[in-house]
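Values below: every heavy atom of this structure, side chains too, minus hydrogens, waters and symmetry copies. Keep in mind it's a predicted model, so treat the numbers as computed, not measured.
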Amino acid sequence: QVQLVESGGGLVQAGGSLRLSCAASGRTFSNYAMGWFRQAPGKEREFVSRISRSGRSTGYADSVKGRFTISRDNAKNTVYLQMNSLKPEDTAVYYCAATYSDYAGSYAGSYPYWGQGTQVTVSS
C-alpha cells in the first residue's frame, strides 16, 4: 500500500496563500489518482480537488475553483495543492488521499489511502 504524509499547513491571513504537499511512499506513485479533502470542526469531510495519474485531468469543488490548483510531480512522488486568496472558511484539516486508479471522483469512500492531515487556519 501507499503511505502519505502532508505538509505545508499553517496560519495565514485572509487573502494569503499556502502550498500543501503530500509525499507518497511504498508503491509506484504514478499508478495512483490523488485527491485533497478537508474537514472543519463539527463538519463532515469534504472534497476539495482531485488529479489523475498523469496529471492531465483535474477537478475542483465549486468553493475553491479559481483559487486552488492541484498538481503532481511523479518523479518526486508528490502531489501539491496551491491555495490562493484564502478565506476564513477555508480553515480546516486538509488530507490527501490516494486510490489505485486512473480516475477518482469527489467521494471520499473511493480513496482507500489517507494521510494524517495538516492544519490550515485562515484568520480574518
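- Within the structure, the side-chain hydrogen bond (donor to acceptor under 3.5 Å, both in side chains) test picks out the following pairs touching residues 49-60 (sequence neighbours left out): Arg50-Ser57.
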When the side chains of residues 16-34 are checked against the rest of the protein, which donor-acceptor pairs come out under 3.5 Å, sequence neighbours left out?
from  : atom 1 : to    : atom 2 : distance (Å)
Ser17 : OG     : Asn84 : OD1    : 2.9

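- Summarising the hydrophobic clusters (Ile, Leu, Val, Met, Phe, Trp, Tyr; side-chain heavy atoms under 4.5 Å, direct or chained), the residues clustered with Tyr111 are Phe37, Phe47, Val93, Tyr95, Trp114.
- Within the model, atoms OH of Tyr94 and OG1 of Thr118 stand 10.5 Å from one another, a figure rounded to the nearest 0.5 Å.
- Residues meeting the salt bridge (charged side-chain N to carboxylate O under 4.0 Å, His left out) test with Lys43, sequence neighbours left out: none.
- Every residue meeting the side-chain hydrogen bond (donor to acceptor under 3.5 Å, both in side chains) condition with Gln119, not counting sequence neighbours, appears here in chain and number order: Thr121.
- Side-chain atoms of Gln39 and Glu46, non-hydrogen and from C-beta on, never get closer than 4.5 Å to each other.
- A side-chain hydrogen bond (donor to acceptor under 3.5 Å, both in side chains) check over residues 66-79, counting only residues at least two apart or in different chains, returns the pairs Arg67-Asp90, Arg72-Asn74.
- Contact record, Thr91 with Val122: OG1-N, 2.9 Å, taken as the closest heavy-atom pair.
- In this structure, the side chains of Ile70 and Tyr80 stay at 4.5 Å or more apart for every pair of heavy atoms.
- Side-chain atoms of Gln1 do not come within 3.5 Å of backbone N or O of Tyr113 as any donor-acceptor pair.
- Between the side chain of Thr99 and the backbone N or O of Ser101, no donor-acceptor pair lies under 3.5 Å.
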Dump the intermediate steps for side-chain contact (heavy atoms from CB on, under 4.5 Å) on Phe68 and Leu81, then the final yes or no. CA-CA 7 Å; Phe68 291 10; Leu81 186 68; 4.1 Å; yes
